[in-house]
**Student:** 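One structure coming up, written as structure tokens, with questions to follow.
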2 protein chains.
Amino acid sequence: MKKVDTESRQNSILNAIVESYVDNATPVGSRAIAQRFRNTISPATIRNVMADLEEKGLISHPHTSAGRVPTDKGYRFYVDSLLELKHLTKEEEAIINKLIHQSTSDIEYVMQNASKAISIVTNVAGVVLTPRLKRSIFKHIELFNMDDSRIMAVIVTTSGFVKNSIMDFEEHLTGQELTRITEFLNSELEGVSLGEIKSYLTRKLLEERDSFYIFLKRAADILSVPDLFKADDHLYFDGAACIMSHPEFMDIKKARLFLMACEDKKGLLNLLNQDMELEGVKIHIGKENLYNEIQDLSIVTCNYKVNDMIIGAIAAIGPTRMEYGKVISVLKYISSELGKELESLG
Amino acid sequence: MKKVDTESRQNSILNAIVESYVDNATPVGSRAIAQRFRNTISPATIRNVMADLEEKGLISHPHTSAGRVPTDKGYRFYVDSLLELKHLTKEEEAIINKLIHQSTSDIEYVMQNASKAISIVTNVAGVVLTPRLKRSIFKHIELFNMDDSRIMAVIVTTSGFVKNSIMDFEEHLTGQELTRITEFLNSELEGVSLGEIKSYLTRKLLEERDSFYIFLKRAADILSVPDLFKADDHLYFDGAACIMSHPEFMDIKKARLFLMACEDKKGLLNLLNQDMELEGVKIHIGKENLYNEIQDLSIVTCNYKVNDMIIGAIAAIGPTRMEYGKVISVLKYISSELGKELESLG
DNA sequence: ATTAGCACTCTAACACTTAGAGTGCTATTT
DNA sequence: AAATAGCACTCTAAGTGTTAGAGTGCTAAT
């Protein structure tokens, strides 16, 4: 009899279990798996393998005599080693493109639609984090007096994002002075990321020692207003309703906990800000490593770029039982399309 | 025997039914009502009155032998004629104030917190519509060249709202020209609402016939960019999770429909924009007159003002069985606090 | 090493029963 | 005439059995 690689058979059976469970949301039995293998392996054999997988902690029994269900660890192994990406259909790409590439210059609208696109195509909730200002590249600044004691600054980034901030400023600057400072900053800061402006100007300050110093200092003071780079922490969310179509949320209690997690902007913000730094798609499964240890919830995140610069992140939130292969592909695709759209707006 | 006013007794019994049902979410029987009246009326009598109320369509039987439940029509009568406003507790006011009067100049944050305040205090979902630009009063404008073909306009309103828009403009204007136009607009438009700017300038145009005409025309052209007043259609939403604590959403199907209604930004936007025009609190009960006829959902809306000018709206969305008296008071209070906060930011 | 066979377990579904809450009607009281 | 007590009736929700079927784990056979 031909020798079978135990390891690889275990893997392919785990793979089958996960996929069957993701499809049907019902514990999967040995018979069902055997059928997936066109009965080339008997249910009894599969039961043995299942026992092994259970010992490894990759699957579990809800009750003595029910089928098997993947554990968090099982999903983890699946996404790390087994999973195959699923290509998007033409229709899905069309839906996404239609939503994202609207001919509008309204970034808010694009973001909102991106989150909607995620949720429609993946059938789980979609989240979009606005472009991080600190990561954005300076394009243009304009300063002007609002009244005697307040200056308004308008900063435009290469990704088309506009940030304005009103600041109190004790000493009144004349329009001329402001214009000079504006011109100076515009010529000086081109291509600098907003996050670096402060240190950039400080460095400049150290170099300069002549009459220019005071002038430069003033410009730095204006831009050091704390509020200027704050408040770009908006999350766009969509798909709360479609989440409810998953059978795991038959129990309202669970549905509620899920929604609470979705509404926890701070937690999501932290997670996205962290994940953003890492390349590619990141997956958080169940209790694994979430800020919030309560429920059967997975989050898949992916950053997006403008002109090859990481600038924000998008995510899908759903039950641990989700189509990871598809979700990953969708996020990658949307990330790329969103990046393109933002470039065109910039 | 003393003669009893049938009408007024019917009313007070309806009142008791509604309030009991709102409290307990369970069909209310004659015994329970009798107890509410400290048994000054017997259950049998109440049954007779209930039969009358049912004939009038104000209450109904879920099943032959269950208690009574208010119909949409019953709620309508209740809110129109019977309802007593409920005062907020000091604690509730404190929660609201803490959320709204943050010492931040970030309007987004204030709006988000206002929606959260609604949902926390009323235990239904809260919605806040951003200040309508068209209703806002012009305070300041700044125009500057982004590059050869694009001008950026930044408009500041008295409510502290800042709107910026980038527009393509065939003919290049020099910085000087732009500055002159800016100065002109600033002196000319003070106190005009953004919605009236267009007609205001058109009127001016008709009056003027001299060399100033071209100049004025140009200014009008710049401000007639369609995008400038668009895109202030953001809704802040909070409380999807807390909605799930209501027993009417035990059935996931209903929960889902409810969430779908909450996510229907367009529908809500329409409703809020309409209601905004009317003074005071507006209530939409059940199938009564909602854009969406599917479910047991009520929406209560209230506009808010800045400097006595109606400028936006807030709303509470929940099951028809909600504490109208409280919700109304809360919306009024939050509307007023939100207005104050915006004035202080302006 | 694999598989067939079989005893065993657990659930989900269905039928049946029952307690209790509530109604509506009628006769009685005030 | 209006209010109420009394009572038969209805319907639900909860509990109890029962059963079919899906699934397991073990052992013996291949």
Side-chain angles (χ1 to χ4, degrees), chain A residues 1-14 16-17 20-21 23-56 58-71 247-248 250-251, chain B residues 1-14 16-17 20-21 23-56 58-71 247-248 250-251:
Chain A
M1 179 155 279
K2 90 164 179 276
K3 163 136 171 70
V4 182
D5 177 353
T6 324
E7 184 104 351
S8 84
R9 189 167 63 183
Q10 277 190 8
N11 289 353
S12 65
I13 287 179
L14 176 59
I17 292 174
S20 164
Y21 186 63
D23 277 1
N24 309 317
T26 141
V28 1
S30 49
R31 244 182 88 82
I33 296 298
Q35 268 156 15
R36 281 205 164 226
F37 286 97
R38 287 190 237 92
N39 292 309
T40 52
I41 319 177
S42 84
T45 309
I46 288 173
R47 282 203 284 280
N48 290 332
V49 177
M50 279 171 152
D52 297 343
L53 287 171
E54 189 159 6
E55 205 153 320
K56 286 194 187 174
L58 298 171
I59 57 180
S60 78
H61 265 189
H63 302 283
T64 312
S65 162
R68 301 313 213 284
V69 165
T71 60
E248 22 273 279
M250 288 270 282
D251 178 4
Chain B
M1 174 152 285
K2 93 166 178 273
K3 165 135 169 73
V4 181
D5 177 354
T6 325
E7 184 105 348
S8 86
R9 189 168 62 184
Q10 277 190 7
N11 288 353
S12 65
I13 286 180
L14 177 58
I17 292 176
S20 165
Y21 185 63
D23 277 0
N24 309 317
T26 140
V28 2
S30 50
R31 244 182 88 83
I33 295 299
Q35 268 156 14
R36 283 206 160 226
F37 286 95
R38 288 190 236 94
N39 293 308
T40 53
I41 319 176
S42 84
T45 310
I46 289 175
R47 284 204 282 280
N48 290 332
V49 178
M50 279 172 151
D52 296 343
L53 287 171
E54 189 159 6
E55 203 152 321
K56 284 193 188 174
L58 298 172
I59 57 179
S60 78
H61 266 190
H63 301 282
T64 311
S65 160
R68 300 315 215 282
V69 164
T71 60
E248 24 272 281
M250 288 270 282
D251 178 4

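Protein chains get the first letters and strands the later ones, always in sequence-line order, with residue 1 at the start of each. This is a predicted model, so every value here is computed, not measured.
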**Student:** Take the protein atom CD1 of A:I41 and the nucleotide atom P of C:dT2, then report the distance between them rounded to whole Å.
**Tutor:** 9 Å
**Student:** State the OG1-CD1 distance between B:T71 and B:I59, to the nearest 0.5 angstrom.
**Tutor:** 8.5 Å
**Student:** Using a 4.0 Å heavy-atom cut-off, write out nucleotides 19-28 of chain C from 5' to 3' as B (base contacted by protein), S (sugar-phosphate only) or - (no contact).
**Tutor:** --BBBB----
**Student:** Look at the side-chain N and O atoms of B:H63 and state whether any lies under 4.0 Å from the OP1 or OP2 oxygen of D:dC11.
**Tutor:** no
**Student:** Before giving the answer on side chain to side chain contact (heavy atoms under 4.5 Å, CB included), spell out for B:R68 and B:L53 the whole-Å C-alpha distance, their side-chain angles and the decisive distance to 0.1 Å.
**Tutor:** CA-CA 10 Å; B:R68 300 315 215 282; B:L53 287 171; over 6 Å; no
**Student:** Report the residues that fulfil side-chain contact (heavy atoms from CB on, under 4.5 Å) with A:N48, sequence neighbours left out, ordered by chain and then residue number.
**Tutor:** none
**Student:** Out of B:T40, B:I46, B:T45, which residue meets the side chain to side chain contact (heavy atoms under 4.5 Å, CB included) rule with B:S42?
**Tutor:** B:T45
**Student:** Would you mind checking if A:D52 and A:R9 are paired as a salt bridge, meaning a charged N to carboxylate O distance below 4.0 Å?
**Tutor:** no
